[in-house]
Each structure stands twice: as structure tokens, then as C-alpha cells.
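Since the structure comes first, as C-alpha cells, the remarks are kept for the end.
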Amino acid sequence: MLVPKQIISEYGSYLRIERAMSENTAAAYTSDLSGFFHHVSKAPEEISADDIVSYFSDRRSISKRTQARILSALRSFFNYLILEGYVADNPCDRVDAPKIGRRLPEVLSVEEVDAMISSVDTASWTGLRDRALLEVMYGCGLRVSEAVGLRISEIYFKEGFVRITGKGDKQRLVPLGDVAADALEKYLHSRPEPDDPKNSDYVFLNARGGKLSRVSAFNLVKASALSAGITKEISPHSLRHSFATHLIANGADLRAVQEMLGHESILTTEIYTHIDSATWQAVILKSHPRSRR
């Protein structure tokens, strides 16, 4: 009989090593699985489609989006068990996924982004750090994990690029604008050297000299929005989404934005870069060889 705790641990290692998933994604999958098996109290090979349906029926208070995430984790887990020869089929194949709509994060206007960044007090090195972090997250359209994981050796000031390691350890080059580059240089000139050499290449450090955390970046975005008088419900991802939306609204090519965001599918980019039909029409007609405009 498979022991859920043990096999979930092995599955987590598989996600991180063989699937090259981030620590956060792997942790989210294994956490959902642990919650499921704690509730059903069965071994993995004993799970049926009815058990999964019953689990969701008992937890009707959770959103459809959360249900979809848990079902995705279960499907991936049972595919792993099939791969390892532990089970013959996947019970999730007989469970219908909940229908969820597209949920887009709040979009900030250019003026709101300016207000957030301008609200940061740059009298100290930590203030210069916070200004640089906001400029880079917005100016390069980075995920929060990509921003806090940025290394000094990955910044090419002369060439105007940063090398980003994204999901699945895939690397991409992202243009670094003058404003973000200036903020980075000012911060790096004042940034103290960490006591631990292992942190010396990380751009963004906390007050103790360690790598800045995702939570700290999240709190910074919240605090700067509050200081700027912005009442929208935003997160670091709102800056990334606003970056893409502003580029598209100003006529940037969707494929180019896809490359900068690190999306495998352009369909994902379309979700993040919703703009009104009038803007799309103007861009298309301006570029079309048979248009008189």
C-alpha cells in the first residue's frame, strides 16, 4: 500500500528535479494533495472518481478556481503514479473540471504607476532598493519571483538587457529601459555588501543582507499603492499586467510582448493584454496593406 505522505514527498522531488518546477509551485501542488488525502483517508491506489467528486461536494465553500487548481494537482499526481507503475489509470479523467471565467488582475494607469514609484522615500539605501524594485517589476514586466531572484551578473547595462530565469528555469532576455537602469545603478551604488558571500550576486537584499523575499516585495507594492492613494486591489502581478497592457495599447507587437513576458503560448499573452477593440482596430488597419488609413 502506498503511503500518501511518502509518495507525495517523492512526487514533490519529481516536480522540482525532473519537471523543473519552482519551489513555490511544487509546494502548492503537494499542499493540495496533502489536504486531499488527509480528508479522504485512503491510499492513493484506492482513490476513485467518486472520492474526488465527494471531496469537492464536502468543500462547496471553496471557489471554482481553487477546485480547478486542486483537480489539476490531483491529475498531475496520478499521471506520475501511472508513470511510476503504481496505478493503471487516472481517476481524474472521469471528473469534470469546474467551469471558471477568466480573472484578470487590476490594471494601473501610467499615472498610478508613476504615483506609486514616486511615493517611495529614497533617502536610504532601502528606499533606493524599493524604488529600483518597482521600476524593474513594471519596466521589465517581471514576475515577483523573477524580480527578487535577479542577479547582478544578469544585468547588462551597456547593452540595455537583463537575463531572466523564469518558469521551468527557462531563460529570456528582456529590454532594460533607461529609467529602470538609472534606478538600479543608484541602488547598487548604495547597496551594502552582504556578510554571506552566497548572497553577493543577488540584486535585491533585505536589511539583514539576505535575498529579499516575495512577501517583502508584495508588502512593498501594497504600501506604495496605499501611499499613492490607490484603492484598487493590487499585487506585484498588477505591475506585470499593467506593463503588458500599456505596451499593447501603445502599438507594441503581441509576439514581442509574449517574448518579454516569457509566455509559451500567445493565448496566455492575450489574456494578460486585454485592450479595447477600437485600439486593436486602429493598429490592424494602420498596418494592413489594403487600408486607406
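Quick caveat, the model's predicted, so the values are computed rather than measured. The figures that follow rest on heavy atoms only: side chains count, while hydrogens, waters and symmetry mates do not.
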- Message: Any heavy-atom pair between the side chains of Asp89 and Arg94 that's under 4.5 Å?
- Response: yes
- Roughly how far, to the nearest 0.5 Å, is the CG atom of Asp130 from the OG1 atom of Thr126? 6.0 Å
- Query: Between Thr25 and Met21, is there a donor-acceptor pair closer than 3.5 Å when you use the side chain of the first and the backbone of the second?
  - Reply: no
- Note on the structure: Heavy-atom closest pair (Cys140 atom, Val162 atom, distance to 0.1 Å) is SG-CG2, 4.2 Å
- Query: Between Ser153 and Asp201, which heavy-atom pair has the shortest distance, and what is it?
  - Reply: OG-OD2, 2.7 Å
- Run the side-chain hydrogen bond (donor to acceptor under 3.5 Å, both in side chains) check on Ser57 and Ser54 step by step: do they pass? CA-CA 5 Å; Ser57 296; Ser54 176; 5.9 Å; no
- So if you build clusters from Ile, Leu, Val, Met, Phe, Trp, Tyr with side-chain heavy-atom gaps below 4.5 Å, do Leu188 and Leu133 land together? yes
- Message: Apply salt bridge (charged side-chain N to carboxylate O under 4.0 Å, His left out) to residues Lys5 and Glu10 and explain how you reach the verdict.
- Response: CA-CA 9 Å; Lys5 185 176 181 180; Glu10 293 176 7; over 6 Å; no
- Task: Considering non-hydrogen atoms only, spot the tightest contact between Ser235 and Phe218 and give its length.
- Result: CB-CE1, 3.7 Å
- Query: What pairs of residues pass the salt bridge (charged side-chain N to carboxylate O under 4.0 Å, His left out) test when at least one of them lies in residues 179-192, not counting sequence neighbours?
  - Reply: Asp182-Lys186, Arg191-Glu193
- Quick one: list whatever passes side chain to side chain contact (heavy atoms under 4.5 Å, CB included) with Ser213, sequence neighbours left out. Val215, Ser216
- Message: For Arg163, I'd like to know if atom CZ has over 12 heavy atoms of other residues, nucleotides or ligands within 6.0 Å.
- Response: yes
- Note on the structure: Minimal heavy-atom distance between Ala132 and Ala183, with the atoms involved, is CB-O, 3.6 Å
- Message: Check for me, please, whether Ile62 and Leu33 land in the same ILVMFWY cluster - side-chain distances under 4.5 Å, paths through other members count.
- Response: yes
- Message: Distance check, rounded to the nearest 0.5 Å: His241 atom NE2 versus Leu261 atom CG?
- Response: 10.5 Å
- Message: Listing request: all ring pair (Phe, Tyr, Trp, His ring centres under 6.0 Å) pairs with a residue in residues 122-146, at least two apart in sequence or in separate chains.
- Response: Tyr138-His246
- Message: Is it the case that the side chain of Lys42 and the backbone of Phe37 share a donor-acceptor pair, with hydrogens and angles ignored and the cut-off at 3.5 Å?
- Response: no
- Item | Neighbour count >12 (heavy atoms, 6.0 Å) for atom CG, Asp93 | yes
- Task: Output all residues satisfying side-chain hydrogen bond (donor to acceptor under 3.5 Å, both in side chains) with Ser145, sequence neighbours left out; order by chain, then residue number.
- Result: none
- Message: Applying side chain to side chain contact (heavy atoms under 4.5 Å, CB included), can you list everything that pairs with Lys170, at least two apart in sequence or on another chain?
- Response: Glu264
- Query: For Asn199, which residues count as a side-chain hydrogen bond (donor to acceptor under 3.5 Å, both in side chains) partner, sequence neighbours excluded?
  - Reply: none
- Query: Honestly curious: do Tyr86 and Ile47 fall in one hydrophobic cluster under the side-chain, below-4.5 Å linking rule?
  - Reply: yes
- Query: Any side-chain heavy atom of Leu247 sitting closer than 4.5 Å to one from Met260?
  - Reply: yes
- Find out whether Pro91 and Ser48 are in side-chain contact, i.e. whether some heavy atom of one side chain is under 4.5 Å from a heavy atom of the other. no
- Message: A side-chain contact here means heavy atoms from C-beta on lying under 4.5 Å apart; do Lys211 and Val148 qualify?
- Response: yes
- Message: A side-chain contact here means heavy atoms from C-beta on lying under 4.5 Å apart; do Glu159 and Leu173 qualify?
- Response: no
- Got a donor-acceptor contact below 3.5 angstrom from the Ser31 side chain to the Ala27 backbone? no
Can you give each donor-acceptor pair under 3.5 Å made by side-chain atoms of residues 114-122, sequence neighbours left out, with the distance rounded to 0.1 Å?
from   : atom 1 : to     : atom 2 : distance (Å)
Ser118 : OG     : Asp114 : O      : 2.8
Ser119 : OG     : Met116 : O      : 2.6
Ser119 : OG     : Ser224 : O      : 3.4
Asp121 : OD1    : Ala123 : N      : 3.1

- Can you list the residues that meet the side chain to side chain contact (heavy atoms under 4.5 Å, CB included) rule with Val179, with sequence neighbours excluded? Glu135
- salt bridge (charged side-chain N to carboxylate O under 4.0 Å, His left out): which pairs involve residues 23-33, sequence neighbours left out? Arg16-Glu23, Asp32-Arg69
- Output all residues satisfying side chain to side chain contact (heavy atoms under 4.5 Å, CB included) with Asn24, sequence neighbours left out; order by chain, then residue number. Ser22, Arg214
- Which residue pairs satisfy the ring pair (Phe, Tyr, Trp, His ring centres under 6.0 Å) criterion with at least one member in residues 155-194, sequence neighbours excluded? Tyr187-Phe204
- Task: Evaluate the side-chain proximity of Leu150 to Tyr202: yes if any heavy-atom separation is below 4.5 Å, no if none is.
- Result: no
- Query: Do Leu212 and Ile152 share a hydrophobic cluster (ILVMFWY, side-chain heavy atoms under 4.5 Å, transitive)?
  - Reply: yes
- Query: Looking only at heavy atoms, what is the nearest atom pair of Thr165 and Gln171, with distance?
  - Reply: OG1-NE2, 3.5 Å
- Note on the structure: d(Asp58 CG, Phe56 CZ) to nearest 0.5 Å is 11.0 Å
Show me the donor-acceptor pairs, under 3.5 Å and distance only, between side chains in residues 71-81 and residues at least two apart or in other chains.
from  : atom 1 : to    : atom 2 : distance (Å)
Arg75 : NH2    : Cys92 : O      : 3.2
Ser76 : OG     : Tyr11 : OH     : 2.6
Asn79 : OD1    : Asn90 : ND2    : 2.9
Asn79 : ND2    : Arg75 : O      : 3.3

- Query: With the 4.5 Å side-chain cut-off for hydrophobic clustering, are Val3 and Tyr14 part of the same group?
  - Reply: no
- Message: Which heavy atom of Pro236 sits nearest to which heavy atom of Met137, and what is that distance?
- Response: CB-SD, 4.0 Å
- Item | Side chain to side chain, Val221 and Leu134, heavy atoms closer than 4.5 Å | yes
- Message: Using a 6.0 Å cut-off, check whether atom CG of Asp195 has over 12 heavy atoms from anything other than its own residue.
- Response: no
- Item | NE2-OG distance between His39 and Ser34, expressed to the nearest 0.5 angstrom | 14.5 Å
- Rounded distance [0.5 Å steps], CG in Leu226 versus CG in Asn219: 12.0 Å
- Distance-only, no hydrogens or angles: does the Ser242 side chain make a donor-acceptor pair with backbone N or O of Leu108 under 3.5 Å? yes
- Is Glu259 reaching over with its side chain to a backbone N or O of Ala256, donor-acceptor style, under 3.5 angstrom? no
- Measure the spacing between CZ of Arg131 and CG of Leu184 and express it to the nearest 0.5 Å. 12.5 Å
- Task: Test side-chain contact (heavy atoms from CB on, under 4.5 Å) on Lys232 and Glu112 and set out the steps.
- Result: CA-CA 10 Å; Lys232 295 176 180 177; Glu112 287 173 328; 2.9 Å; yes
